[in-house]
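Below is one structure, written out as structure tokens; the observations come after it.
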Amino acid sequence: MTAPVVTDVLPSDGPFCESSFTVSFYVPAKNQADPPPAEGLHVQRWATTYVAVRQFSGFVADYDVGVEAATLQASLADTKWADPVAKGKIQYSVAQYNSPFEFSGRVNEIWFSFQM
């Protein structure tokens, strides 16, 4: 397994719309020049990216993600990061670093990407 597994979440626009999710897997450095092909998948290459991060533990559940994202957003209020984050798209990412078979010491993060 590679880590982190990153899920980009684009929340829905209304009560009857569905959110959009994109799951990304990290390719280890030794395979990045020529990643192994996989049917139905494509390679993303990230440019330099800025993210505001909030770390949390446990298994990731939909409710927890919403709470953690709201807490991260509130923690940025009245900081120099509030404006750059607010100018970005209304989306966030969830990074999970542990195997699903690890039950303790789990590390997860909420990411808000932004431009400087």
Side-chain angles (χ1 to χ4, degrees):
M1 181 181 152
T2 64
V5 173
V6 178
T7 304
D8 294 322
V9 181
L10 181 59
S12 66
D13 289 334
F16 301 110
C17 301
E18 293 185 10
S19 296
S20 172
F21 302 91
T22 303
V23 178
S24 300
F25 300 91
Y26 176 76
V27 175
K30 68 180 182 178
N31 301 105
Q32 288 179 4
D34 187 26
E39 188 175 325
L41 300 178
H42 67 275
V43 175
Q44 292 179 326
R45 299 203 187 271
W46 289 12
T48 300
T49 303
Y50 296 94
V51 292
V53 177
R54 176 173 173 79
Q55 193 174 80
F56 63 102
S57 61
F59 281 92
V60 174
D62 291 347
Y63 174 79
D64 298 328
V65 168
V67 168
E68 297 296 339
T71 303
L72 174 56
Q73 187 170 17
S75 74
L76 296 171
D78 301 323
T79 71
K80 66 181 181 179
W81 307 111
D83 286 339
V85 169
K87 290 178 185 172
K89 292 186 273 182
I90 301 174
Q91 79 175 53
Y92 54 88
S93 301
V94 180
Q96 299 177 72
Y97 291 88
N98 301 85
S99 159
F101 305 107
E102 289 181 47
F103 296 101
S104 63
R106 298 184 62 80
V107 176
N108 311 295
E109 296 172 339
I110 296 291
W111 297 354
F112 289 164
S113 300
F114 60 94
Q115 300 292 318
M116 288 298 291

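Everything quoted here is computed from the prediction, not taken from an experiment. Start at 1 with the first residue, then count along the sequence.
In this structure, the side chain of Asn98 engages the main chain of Val107 through a donor-acceptor pair within 3.5 Å. The backbone N or O of Gly58 lies less than 3.5 Å from a partner atom in the side chain of Asn108, making a donor-acceptor pair.
The heavy-atom pair separating Pro84 from Gln115 by the smallest distance is CB-O, 3.8 Å. In terms of heavy atoms, Val5 sits closest to Thr2 at CG2-O, 3.7 Å. Taking each heavy atom of Gln91 and Val9 in turn, the nearest pair found is CB-O, 3.1 Å. Here the closest non-hydrogen pair linking Pro4 and Ala95 is CB-CB, 4.1 Å.
By the side-chain contact (heavy atoms from CB on, under 4.5 Å) test, Val51 is found to be paired with Thr49, Val53, Trp111, Ser113, residues two or more places apart in sequence or in another chain being considered. In terms of the side-chain contact (heavy atoms from CB on, under 4.5 Å) criterion, residue partners of Ser99 (sequence neighbours excluded) are, by chain and number, Met1, Phe101, Glu102. By the side-chain contact (heavy atoms from CB on, under 4.5 Å) test, Ala69 pairs with Tyr92, Ile110, Phe112, sequence neighbours left out.
Side-chain heavy-atom separations under 4.5 angstrom define the hydrophobic clusters, and the remaining members of the one that includes Val67 are Tyr63.
Evaluation of the side-chain hydrogen bond (donor to acceptor under 3.5 Å, both in side chains) test over residues 20-38, restricted to residues two or more places apart or in two chains, returns Ser24-Gln44, Tyr26-Gln32. Within the structure, every pair that satisfies the side-chain hydrogen bond (donor to acceptor under 3.5 Å, both in side chains) test and touches residues 64-82, not counting sequence neighbours, is listed here: Arg54-Glu68.
With a 4.5 Å cut-off on side-chain heavy atoms, Val27 and Val43 do not count as touching.
Within 6.0 Å of the OH atom in Tyr50, the count of heavy atoms belonging to other residues, nucleotides or ligands does not exceed 12.
Leu72 and Val6 sit in two unconnected hydrophobic clusters of ILVMFWY residues. Membership requires side-chain heavy atoms under 4.5 Å apart, directly or through other members.
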* **Evaluation steps, side-chain contact (heavy atoms from CB on, under 4.5 Å), between Arg106 and Phe59** => CA-CA 7 Å; Arg106 298 184 62 80; Phe59 281 92; 3.6 Å; yes
